[in-house]
Structure formats: C-alpha cells, structure tokens
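Handing you this structure, nothing more for now.
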2 protein chains.
Amino acid sequence: MDKAATIKDIARRLHISTSTVSRAMRDQPDVNADTKKAVLALAEELDYQPNKVALSLLKKHTYTIGVLVPNLDYFCATAVKGIDEMALEAGYTVMVCQSNESYGREVVNVRRLLESRVDGFIISASSQTKAFDHFKRLQEKNIPMVFFDRETPDMDTHRVVLDNADGAMQATEHLLQQGCKRIAFLAGPPALSISNKRKEGYLAALKKYKTKTDESLIVHCDFNQQYAQVATEELLRRKKRPDGIVTISDRIAIGAMLAIKEKGLRMPEDIALVGFNNEPVTSLLSPSISSVDQPAFEMGKIAARTFIELLNSHEKPPVSTITLKPRLIIRESSRIKV
Amino acid sequence: MDKAATIKDIARRLHISTSTVSRAMRDQPDVNADTKKAVLALAEELDYQPNKVALSLLKKHTYTIGVLVPNLDYFCATAVKGIDEMALEAGYTVMVCQSNESYGREVVNVRRLLESRVDGFIISASSQTKAFDHFKRLQEKNIPMVFFDRETPDMDTHRVVLDNADGAMQATEHLLQQGCKRIAFLAGPPALSISNKRKEGYLAALKKYKTKTDESLIVHCDFNQQYAQVATEELLRRKKRPDGIVTISDRIAIGAMLAIKEKGLRMPEDIALVGFNNEPVTSLLSPSISSVDQPAFEMGKIAARTFIELLNSHEKPPVSTITLKPRLIIRESSRIKV
DNA sequence: GAAATTCCCGGTACCGTTCCCGGGAACGTT
DNA sequence: AACGTTCCCGGGAACGGTACCGGGAATTTC
C-alpha cells in the first residue's frame with residue numbers, strides 16, 4: 001500500500017503548520033478563508049483522508065462496535081443488518097464475529113475485539129456458553145455492552161429481547177384452540193435462555209387451558225435439524241403420540257416436518273406444527289409452516305441505538321430491558337379447517 | 001469505559017522504563033529473567049492488553065480486512081464464514097459491510113473502511129455497480145484487494161470465482177438430456193458478470209445440442225423472487241411456453257416454482273426447473289429443486305488466503321484468478337423418470 | 001495615539017507502543 | 001591493568017492527529 005497523504009504533507013507543501021491544516025480541515029474558526037481554501041483544494045488533490053487510527057489513539061475511542069453473534073443464519077443476519085444500518089447512520093463501523101455456538105470461540109472473539117479497542121459490544125451469546133467470566137470482565141471494566149436475543153442470566157446488562165414466553169404461549173394457545181390435546185415441545189439446549197423462556201410460555205398456555213402437562217413431551221434437541229428429526233421420529237413411535245408440536249426454531253420445525261412426512265402422517269389433521277422465527281422458507285414448504293415472527297431487523301436497530309445512546313451518555317444510565325412483541329403467523333401446518 | 005492498563009503503568013509501578021516492559025512483554029532478549037517475570041506478573045494482575053491502535057499507528061497496518069458484500073443471504077453468509085475462519089487463523093479481524101446491492105452504499109462503505117485504515121479489501125460487488133472508480137482508486141493506491149463471486153470487468157485484480165459458465169452449462173445440458181426442447185433462462189441484472197457468464201454457459205449448451213436459441217426465452221429479473229414469479233407467469237402465458245427453466249439463483253427458481261404451481265403445471269413433467277446456489281431450502285421444497293452447488297465456504301476461505309498471501313508478499317505478485325468448479329445437484333424438479 | 005480587541009497562526013505536549021542507539025556494570029581475556 | 005564482550009537497561013524519536021496556549025500583526029475603540 002502506498003503511503004497515504006497526511007496532514008503534514010499538506011502543511012509542508014503549503015508552508016504552514018499542521019495545526020492550521022487541522023483546523024482548516026475541520027472547518028474551525030481561527031483560519032483565514034484563503035488558507036482554508038488552499039488546504040481543502042490540496043487535500044482534495046492528494047485524496048487526503050484523516051487517519052482514524054491516529055484519532056482513535058488520541059481520543060481513546062475507535063468508533064467501532066464489536067458484534068458477537070453465534071452465526072449468520074436468517075435471524076442473526078437480519079439483526080446484523082439492522083445493527084449495520086443504525087451504526088452507519090451514527091458514524092460507527094461494525095466488527096462482526098461468529099462464535100459458531102462455541103464457548104471457546106466466543107472467549108477468543110471477545111479478547112480479539114477488546115484488543116482492537118472496540119468501543120463496546122453488542123452480543124447474542126453462544127448456546128454453549130455457560131460461564132460468563134468473559135462478559136463479566138467487560139462489565140468490570142465498564143465497557144458498554146448490549147445483549148440481544150439470547151439473554152444472559154445473573155448479569156445486569158442492557159438487553160433487547162423478544163417476549164419469548166409470549167411467543168411460545170401464542171403458539172401453544174393456538175394449537176389448543178385448534179383442538180390439540182397432546183402438544184409436544186421441541187426445545188433447545190437446556191441452558192439456553194430463549195429456549196427456557198419459551199418453555200415457560202408453553203407451560204403457561206397448557207395451564208391456562210387446564211391441560212395437564214407431560215414432561216416426557218418436552219424434548220431438547222439443540223439447534224439441529226437432523227437431531228430434531230430423530231427426536232420427532234421417537235415421539236411419533238410412542239403409543240400415545242402427540243397431536244401438536246411447538247418448536248423453538250424453524251430449523252427444528254423442519255426437522256419435525258420431515259419426520260412427520262416420513263411417517264405418512266397428515267399435517268395438520270394428524271399433527272399440527274408451529275415453528276419459531278418466521279424464516280421465509282416456512283411459507284414455501286408444503287404444507288406451509290406456522291411460525292412465530294420476531295422483528296429481527298428492528299431488534300438489531302434497537303440494540304444498536306441503545307448501544308449508541310449508552311456511549312453518548314456519560315452518567316451511567318440504569319440498565320434497561322427492551323422487550324419486543326412476537327406475532328404468530330398461522331399457516332397450513334396448524335390451520336385445522338373445522 | 002475505565003482506562004485500561006498501559007505499558008507505562010507497568011513501567012512506573014516497577015520503576016523501569018517502558019522500553020524494558022515492551023521487550024519483556026514480547027519475549028525479546030536484552031531483558032533480565034527476573035524483571036521479565038515481574039513484568040509478566042504485573043501485566044497479568046492488571047489484565048494488560050497491548051493497545052492495537054497504537055501499534056497500528058506505528059506499524060501502518062491494522063490487521064483488519066474490509067469485507068464488502070451485497071448482503072448476508074445464504075451464499076454470502078457462508079462465504080463470510082469462510083473468510084472469518086481464515087482471518088482468525090491468521091490473526092486478522094474482519095469488518096463486514098453490506099451494500100444492499102446499492103452502488104451508493106458501496107461507495108460509502110469503501111470510504112469508511114478506508115478511513116478505518118483496513119489493510120485491504122475482499123469484495124463481492126453490488127449488482128447495481130456499473131462504475132468502478134471507487135475500486136480503481138484503491139488500485140491506484142496499491143491497496144490489496146481480492147474479488148470473489150461477482151467479478152468486475154476491466155480491472156486487473158485477484159479473483160476467486162466460480163466457473164459460472166460451466167455451472168449453467170451443466171444445468172442446461174441436464175435439462176436437454178431430460179428431453180426439454182424449449183429452455184428459458186431467468187437471468188439477473190444485465191450488467192452483472194455472474195449472470196452473463198451463466199448465460200454464456202446456457203447458450204453454449206444449447207449450441208452443443210444443436211438446439212436453436214430463442215432470445216425471447218431469456219428474461220432478466222434482478223434478484224427478486226416476486227419479479228421472477230411475474231416473469232415466469234408471463235412466460236407460461238405464451239402460446240409456445242417453455243418446458244424447462246434454468247435460473248441464476250435459487251430465489252429466482254423459487255419465484256418460478258410458485259408461478260408454475262399457480263398455473264397448475266406439473267414439475268418436472270410439464271416443465272423442469274434448475275436453480276443456482278444449492279441453498280438448503282431447495283431440498284426441502286416439493287418438488288425439491290435441482291440446483292447448481294457452489295462451494296461458498298471454500299470460496300471465502302480461498303479469497304481470504306489469497307488476500308493474506310498478497311499482504312505478506314512484498315514484491316507484488318501477478319494477478320491471479322482462481323476458478324472453482326460447480327456441481328449440479330439433481331432433484332425432483334428436473335428428474336424425469338423415463 | 002494608546003489600548004483593547006480581533007484575526008491568524010505556530011509550538012508543544014500527548015495518545016501507547018516500538019525501535020534504534022548509546023552506555024554503564026560485570027565479566028572474561030590477554 | 002587494560003581491553004573486549006556480554007548483559008541489561010533507559011532515552012528519545014516516531015506514527016498522525018488534536019488541543020491548548022501564547023503571540024504577532026492588523027484592526028477597532030475610546
């Protein structure tokens with residue numbers, strides 16, 4: 001890379017001081033109109049761009065946000081797009097790191113981003129993360145951070161989350177209204193907050209409708225479509241098989257769907273199904289799959305906005321939790337024509 | 001954010017000079033074993049992390065890669081994952097910017113990343129980009145860059161691309177072998193290199209099988225599923241409707257599929273269909289959609305590796321073009337049982 | 001006409017780190 | 001005893017930019 005033009009180059013060629021050039025570039029007072037014009041002209045000619053690295057060193061912030069996500073699937077990619085949008089508007093750039101749902105990778109990524117001196121973090125934690133020291137260290141250093149989607153227990157942080165319980169509740173309630181009597185719940189890793197919240201909603205709906213809960217109908221299947229398929233096959237082999245399934249993700253719902261089709265059962269007549277995320281694919285399958293929609297793009301934008309407000313306020317604001325509302329999208333997989 | 005410990009803090013507390021601390025931290029000679037131990041211990045205690053920003057200023061490189069992609073859909077997200085993987089391994093961090101297929105946004109992103117002093121760029125150009133000044137300026141400044149997927153005409157740059165012509169050729173040839181006589185081609189924006197290359201492959205296959213080409217069967221439909229659906233509806237309304245469709249993306253193929261289903265036509269008996277990208281969704285639809293698989297993850301990894309090699313070699317290596325091979329995955333949408 | 005004000009500009013320190021150079025102390029070599 | 005090595009260490013400059021302070025010249029004010 002050729003060395004880029006610096007403020008010194010301009011100063012030298014114009015026989016003025018770097019201070020003056022600096023002032024001229026930033027449209028500050030205390031600089032003659034003619035010199036300013038000369039500076040600006042030469043800057044244009046040399047394609048001068050202020051060196052953000054030097055500024056970062058001086059001002060002690062980098063105008064970059066470290067974004068930590070488990071992956072870049074539909075939901076996260078959409079959320080990242082929202083973050084990006086907001087960040088760009090506010091003059092920030094974004095460093096995205098994927099943990100691939102691995103705790104070790106997450107720790108490494110935090111470290112790297114910290115070394116790069118990001119101004120703070122926007123985080124959706126890996127599902128395998130059970131220790132939170134790496135996050136707590138950030139908190140001790142008073143580094144701003146905002147969590148979104150995947151919450152972390154035992155930490156006082158800003159969060160932007162979905163009302164997960166409500167989402168699962170809507171889904172479960174819907175199936176109950178359609179006449180389902182035995183509703184299974186395909187959950188994620190046992191330690192995952194969103195999975196547990198959704199389970200609460202599922203249980204609450206059953207309780208509300210005075211349906212007895214059967215713990216054996218709750219199956220943990222990671223985020224794996226394959227695994228979900230196997231788990232569903234097992235469910236369908238039981239003598240008292242479920243007539244409805246609520247899942248915590250569309251991937252899992254698809255796994256379930258494959259198992260149901262394989263078995264030759266009809267959807268929704270024999271068994272109704274609801275996914276979570278409202279990925280575009282759900283509307284394309286046949287039958288199309290009902291799913292709980294979460295405003296991913298919005299969530300990203302709000303997380304970024306919260307983060308930036310956090311940065312700009314110097315008196316530390318109290319931690320806030322912003323909860324967004326899910327919306328059940330009913331499709332063929334659960335619409336029982338009466 | 002609390003101020004992080006610096007090398008000066010350590011030096012002061014140990015009554016030694018910053019030079020010595022610096023040497024100790026980097027395991028250099030010319031430092032006594034005891035002092036080194038003391039430095040390391042104190043560094044640990046203060047959770048000292050070298051300030052990369054200061055280093056960047058001094059060394060004139062930031063160990064960050066600017067990644068420019070049109071979006072984060074399946075293909076790009078997978079490629080970015082490959083880039084990320086490779087970058088992490090080599091000690092680089094990645095700044096991902098999405099252009100949302102907008103030329104203006106792309107220009108802005110180049111500028112921002114340049115201000116952030118990334119060491120170079122890995123780029124897949126926006127489909128709306130027809131002027132390349134923003135890229136050429138990079139080239140003039142000798143800033144390393146590698147293009148992947150979306151090529152740019154008239155520029156001598158390193159590239160990692162798919163053999164797009166071959167991919168479309170395989171798809172078209174396959175349909176011809178299945179007995180299709182009138183094969184339509186759903187293309188992308190007319191200026192998009194990958195679209196044009198694939199068109200060439202399509203035409204080459206027709207020629208090879210001595211099938212006469214009909215320009216009216218080539219329809220440009222952006223990357224829009226909706227538009228593809230409308231375009232296909234129009235195709236199907238013609239008196240001499242096509243009996244096969246080759247598309248340049250799975251999104252477009254899905255649009256086409258919706259139109260075909262709407263019309264009540266059978267796939268593949270009445271009309272056969274092949275997509276491009278081999279997104280997971282293609283295997284889930286019914287009928288499942290044949291698609292040309294491209295090794296996105298690999299492409300990302302190779303692009304990153306090429307980029308890093310480019311950085312490390314100081315004598316400028318000649319521009320290289322690495323071409324990866326596509327692989328046609330045949331599914332129900334085009335498998336005609338004879 | 002002296003004083004005060006305005007208008008411009010330059011010098012210097014600083015951000016955190018590395019690198020180069022120089023030099024003192026201890027040791028070994030003749 | 002004089003010299004050369006080796007081992008450690010510190011001082012300064014540099015990276016590119018901004019902020020603060022101080023000051024000369026021109027202009028205004030009384």
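Chain A is the first sequence line, chain B the second, and so forth, proteins listed ahead of strands; every chain is numbered from 1.
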Quiz item: Do the side chain of Asn109(B) and the main chain of Gln98(B) share a donor and acceptor less than 3.5 angstrom apart?
Solution: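 Side chain of Asn109(B) to backbone of Gln98(B): a pair is present.
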
Exercise. On DNA chain C, check which nucleotide each of Asp30(B) and Val31(A) is closest to and give me the residue with the more 5' one.
Key: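 Looking at the nearest nucleotide for each, Val31(A) comes out on the 5' side.
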
Practice problem: Would you mind telling me which of Phe121(B), Phe132(B), Phe307(B), Phe135(B) makes a ring-ring contact (aromatic ring centres under 6.0 Å, His included) with Phe147(B)? | Solution: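 Of the listed options, the one satisfying the test is Phe135(B).
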
Quiz item: Sub-3.5 Å donor-acceptor pair from the side chain of Gln139(A) to the main-chain atoms of Asp156(A), do we have one?
Solution: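 Pair found, side chain donor or acceptor close to backbone of Asp156(A).
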
Quiz item: Salt-bridged, Lys136(A) to Asp133(A), with N to O below 4.0 Å?
Solution: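 Between Asp133(A) and Lys136(A) there is no salt bridge, as every charged N stays at least 4.0 Å from the carboxylate O atoms.
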
Quiz item: Is any side-chain heavy atom of Phe148(B) less than 4.5 Å from a side-chain heavy atom of Thr306(B)?
Solution: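 Side chain of Phe148(B) against side chain of Thr306(B), heavy atoms only: no contact under 4.5 Å found.
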
Quiz item: Over its full length, what angle do the end axes of the helix from dG1(C)-dC30(D) to dT30(C)-dA1(D) make, each axis taken from five pairs and the result rounded to 10 degrees?
Solution: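 End-to-end axis angle for the helix from dG1(C)-dC30(D) to dT30(C)-dA1(D): 60°, rounded to 10°.
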
Quiz item: Counting side-chain heavy atoms from CB outward, which of dT18(D), dC8(D), dG16(C) is closest to Asn32(B)?
Solution: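 The listed nucleotide nearest to Asn32(B)'s side chain is dC8(D).
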
Quiz prompt | Distance below 4.0 Å between Arg26(B) side-chain N/O and dT17(C) OP1 or OP2 | solution =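 Checking dT17(C) against Arg26(B), no side-chain N or O comes under 4.0 Å of OP1 or OP2.
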
Quiz prompt | Ser22(A) side chain to Thr18(A) backbone, donor-acceptor under 3.5 Å | solution =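 Side chain of Ser22(A) to backbone of Thr18(A), a donor-acceptor pair under 3.5 Å: no, none is there.
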
Quiz item: Whole-Å distance between dC15(C) C1' and His61(A) NE2?
Solution: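 Interatomic distance, NE2 of His61(A) to C1' of dC15(C): 13 Å.
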
Practice problem: Describe the nucleic acid contact of Pro29(B) in one word from base, sugar-phosphate, nothing, applying a heavy-atom distance below 4.0 Å. | Solution: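 Pro29(B): no heavy atom of the nucleic acid under 4.0 Å.
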
Quiz item: Could you give the OH-to-C1' distance, from Tyr63(A) to dC15(C), as a whole number of Å?
Solution: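 Checked: the OH to C1' distance equals 16 Å.
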
Self-check item: Check: Asn32(B) side chain, Asp34(B) main-chain N or O, donor-acceptor pair, under 3.5 Å
Solution: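 Such a contact is found between Asn32(B) side chain and Asp34(B) backbone.
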
Practice problem: Would you mind reporting whether Leu138(B) and Leu114(B) have side-chain heavy atoms less than 4.5 Å apart? | Solution: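 Yes. Closest side-chain heavy atoms under 4.5 Å.
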
Quiz item: Looking at Arg305(A) and Glu85(A), does any basic side-chain N land under 4.0 Å from a carboxylate oxygen?
Solution: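 Between Glu85(A) and Arg305(A) there is no salt bridge, as every charged N stays at least 4.0 Å from the carboxylate O atoms.
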
Quiz prompt | Minimum-distance nucleotide to Thr35(A) side chain [options: dG16(C), dC9(C), dG16(D)] | solution =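 Output: dC9(C).
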
Quiz item: Does a distance-only test, which skips hydrogens and angles, find a donor-acceptor pair under 3.5 Å between the side chain of Arg23(A) and the base of dG10(C)?
Solution: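 Indeed there is one.
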
Quiz item: Does Lys60(B) put a side-chain nitrogen or oxygen below 4.0 Å from OP1 or OP2 of dG16(D)?
Solution: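 For dG16(D), OP1/OP2 do have a side-chain N/O of Lys60(B) under 4.0 Å.
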
Self-check item: Side-chain donor or acceptor of Arg159(A) paired with backbone N/O of Arg150(A) under 3.5 Å
Solution: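 A pair under 3.5 Å: no.
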
Quiz item: So what does Leu58(A) hit on the nucleic acid, given a heavy-atom distance under 4.0 Å: a base, only sugar-phosphate, or nothing?
Solution: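 Base contact - Leu58(A) has a heavy atom under 4.0 Å of at least one base atom.
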
Exercise. Send over the distance from Leu46(B) CG to dG16(C) C1', rounded to a whole Å.
Key: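 Taking atom C1' of dG16(C) as the reference, CG of Leu46(B) is at 15 Å.
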
Quiz item: Hey, can you pull the residues of residues 8-22 of chain B with a non-hydrogen atom under 4.0 angstrom from DNA chain C?
Solution: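 Those residues whose heavy atoms fall under 4.0 Å from DNA chain C, taken from residues 8-22 of chain B in numerical order, are Lys8(B), Ser19(B), Ser22(B).
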
Practice problem: Using whole Å, report how far CG of Leu57(A) lies from P of dA19(D). | Solution: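 That distance rounds to 14 Å.
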
Quiz item: Please give, in whole Å, the distance from dG16(C) C1' to Glu115(A) CD?
Solution: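 Glu115(A) atom CD is separated from dG16(C) atom C1' by 14 Å.
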
Quiz item: Lys59(A) has a side chain; which of dT17(C), dA19(D), dC15(D) sits nearest to it?
Solution: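 When the side chain of Lys59(A) is considered, dA19(D) is the closest of dT17(C), dA19(D), dC15(D).
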
Quiz item: Taking atom P of dG17(D) as reference, at what distance in whole Å does atom CG of Asn51(A) sit?
Solution: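 To the nearest whole Å, that distance equals 5 Å.
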
Practice problem: Can you tell me the distance, in whole Å, between the CD atom of Gln28(A) and the P atom of dG17(D)? | Solution: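 To the nearest whole Å, that distance equals 15 Å.
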
